[in-house]
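Just so you know, these numbers come straight off a predicted model, no measurement behind them.
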Amino acid sequence: MADRERGGGNLEPVQRGPYTCREYMNMVLLYGRCNYNAAEAAREYARLFRGQRLPSRNVIIQVVNRGMEDGNLMPLLHRGIGHGAAGRPENDRNGQNEERVLNAVEVDPGTSIRRISREQNLSYNFVQKVLKRNHLHAYHYRKVQALKPEDYLLRVRFCEIMLDRITEDDTFLGRILFSDESTFGRDDTFNVHNVHQYGIVNPHLIVQNKHQTRFMTNKWMGIIGDTIIGPIDFPVRLRGRRYRRFLDDELPEHLRRNFIEENEVIFQHDGATPHTAHATTELLNRRYPQRWIGVPRRNGHVPFISWPARSPDLNPLDFFYWGAIKGKIYISELRSEQDLENRITQAAATITEEMLYYVRENFVKRLRKCIEQEGGHLEQLM
């Protein structure tokens with residue numbers, strides 16, 4: 001029987017001595033060139049180095065794993081003094097355990113480290129290391145707005161018009177007043193996965209929800225250029241008359257306070273019912289002639305640019321602002337309605353002009369990405 005080199009659980013034939021450092025390095029380089037496919041790397045090695053000793057797929061896997069674990073490609077037996085220890089976890093003498101892990105992921109990409117560990121009788125840390133060194137990451141689902149068949153073409157058309165306008169007029173994007181309303185409640189989005197405390201012992205943290213005593217507020221916000229307008233109180237159940245009073249009386253005053261010329265503003269809102277009432281669109285035609293963006297309705301006034309329904313991924317309030325401030329508001333349990341109001345004000349104050357600059361850049365990227373996706377979902381690609 002041929003002698004075998006021993007070191008870190010490796011079993012490599014050594015009838016003619018160990019592989020040289022150059023040979024090991026060639027294996028690693030070919031492994032990368034072959035998209036981390038050890039079998040393909042072994043075939044490529046045989047093609048390039050004919051007449052030389054040829055490593056098997058398992059030999060290449062062992063070499064790569066030694067390099068990943070302790071930065072040394074040589075087996076322990078053939079290292080000089082002080083070169084550190086090699087070794088494979090879980091007695092993985094020929095890469096079989098690693099292959100079991102990779103096969104489990106290939107069969108069920110939605111599996112978990114704990115499930116693989118339990119089903120394959122391997123340690124959690126070993127499974128985690130195998131996935132990491134094979135560049136396998138756990139990607140999460142993204143929640144997106146459900147679209148109707150007719151939405152796709154309308155979204156593409158909107159994005160094309162917007163890009164054309166932005167190209168033709170350098171000031172166009174900075175003059176759009178993006179607007180939206182959002183409710184904030186006592187039991188809203190406290191994310192237990194994002195909030196934690198470090199400690200030597202488990203502090204057994206809890207957060208109360210589903211309170212019998214509840215409170216809620218509805219806020220209107222606007223973003224125009226580097227300026228944020230609001231938050232402005234709205235009724236939780238917004239009616240068209242209240243919305244029109246805001247547009248006709250309150251919003252012009254807010255614009256003046258922020259030194260914004262109303263006759264330069266391009267007003268945008270979505271297709272919520274108070275926004276599309278005939279009296280509302282008539283008011284918009286009067287205050288923003290050929291300068292408002294909204295959802296058209298039958299027998300109604302035609303907007304300057306039609307906003308595509310069910311497109312929160314194209315509104316900076318939805319894809320940036322609400323998430324940014326709610327992440328700060330719900331960092332801990334709310335104590336009272338006044339506490340909620342204070343946190344909304346404090347969180348709104350953290351949004352900077354630099355952030356809004358990048359939001360505009362991101363908006364243009366989203367327009368292009370939406371066209372690439374033929375009007376389909378784009379959040380998962382941003």
More than 12 heavy atoms of other residues, nucleotides or ligands under 6.0 Å from [atom1] of [X]: is that the case?
X: R157; atom1: CZ; answer: no
X: R242; atom1: CZ; answer: yes
X: F172; atom1: CZ; answer: yes
X: E168; atom1: CD; answer: yes
X: E106; atom1: CD; answer: no
X: M25; atom1: CE; answer: no
X: R241; atom1: CZ; answer: no

Practice item. Can you see which heavy atom on Y19 is nearest to which on V59, and at what distance? Key: CE1-CG1, 4.2 Å

Check your understanding: Going through the checks in order, is the side chain to side chain donor-acceptor pair (under 3.5 Å) test met by R366 and N362?
Key -> CA-CA 6 Å; R366 286 169 178 266; N362 186 262; 2.5 Å; yes

Practice item. With rounding to the nearest 0.5 Å, note down the distance linking CZ in R118 to CZ in R115. Key: 7.0 Å

Practice item. Indicate the ring-plane relationship of H269 and F267, choosing parallel, tilted or perpendicular according to the 30° and 60° boundaries. Key: perpendicular

Exercise for review: Name the orientation class of the two ring planes belonging to Y31 and Y36 (parallel below 30°, tilted from 30 to 60°, perpendicular beyond 60°).
Suggested key: perpendicular

Side chains of [X] and [Y]: do they bring a donor and an acceptor to under 3.5 Å?
X: T183; Y: K219; value: no
X: D313; Y: H377; value: no
X: N58; Y: S56; value: no
X: W220; Y: D180; value: no

Check your understanding: Yes or no on side-chain contact (heavy atoms from CB on, under 4.5 Å) for L163 and R368, after CA distance, side-chain angles and deciding distance?
Key -> CA-CA 8 Å; L163 287 175; R368 296 192 177 112; 3.9 Å; yes

Check your understanding: So, F320 versus Y358, ring centres under 6.0 angstrom or not?
Key -> no

Contacts under 3.5 angstrom, residues 37-44 side chains, donor-acceptor by atom type, not counting sequence neighbours:
{"from": "N37", "atom 1": "OD1", "to": "A39", "atom 2": "N", "distance (Å)": "3.1"}
{"from": "N37", "atom 1": "OD1", "to": "E40", "atom 2": "N", "distance (Å)": "3.0"}
{"from": "E40", "atom 1": "OE1", "to": "R43", "atom 2": "NE", "distance (Å)": "3.4"}
{"from": "E40", "atom 1": "OE1", "to": "R43", "atom 2": "NH2", "distance (Å)": "2.8"}
{"from": "E44", "atom 1": "OE1", "to": "R47", "atom 2": "NE", "distance (Å)": "3.3"}
{"from": "E44", "atom 1": "OE2", "to": "R47", "atom 2": "NH2", "distance (Å)": "2.6"}

Review point. Applying the 4.5 Å side-chain criterion to the ILVMFWY set and letting contacts propagate, would I232 and I325 be lumped into a single cluster?
Key: no

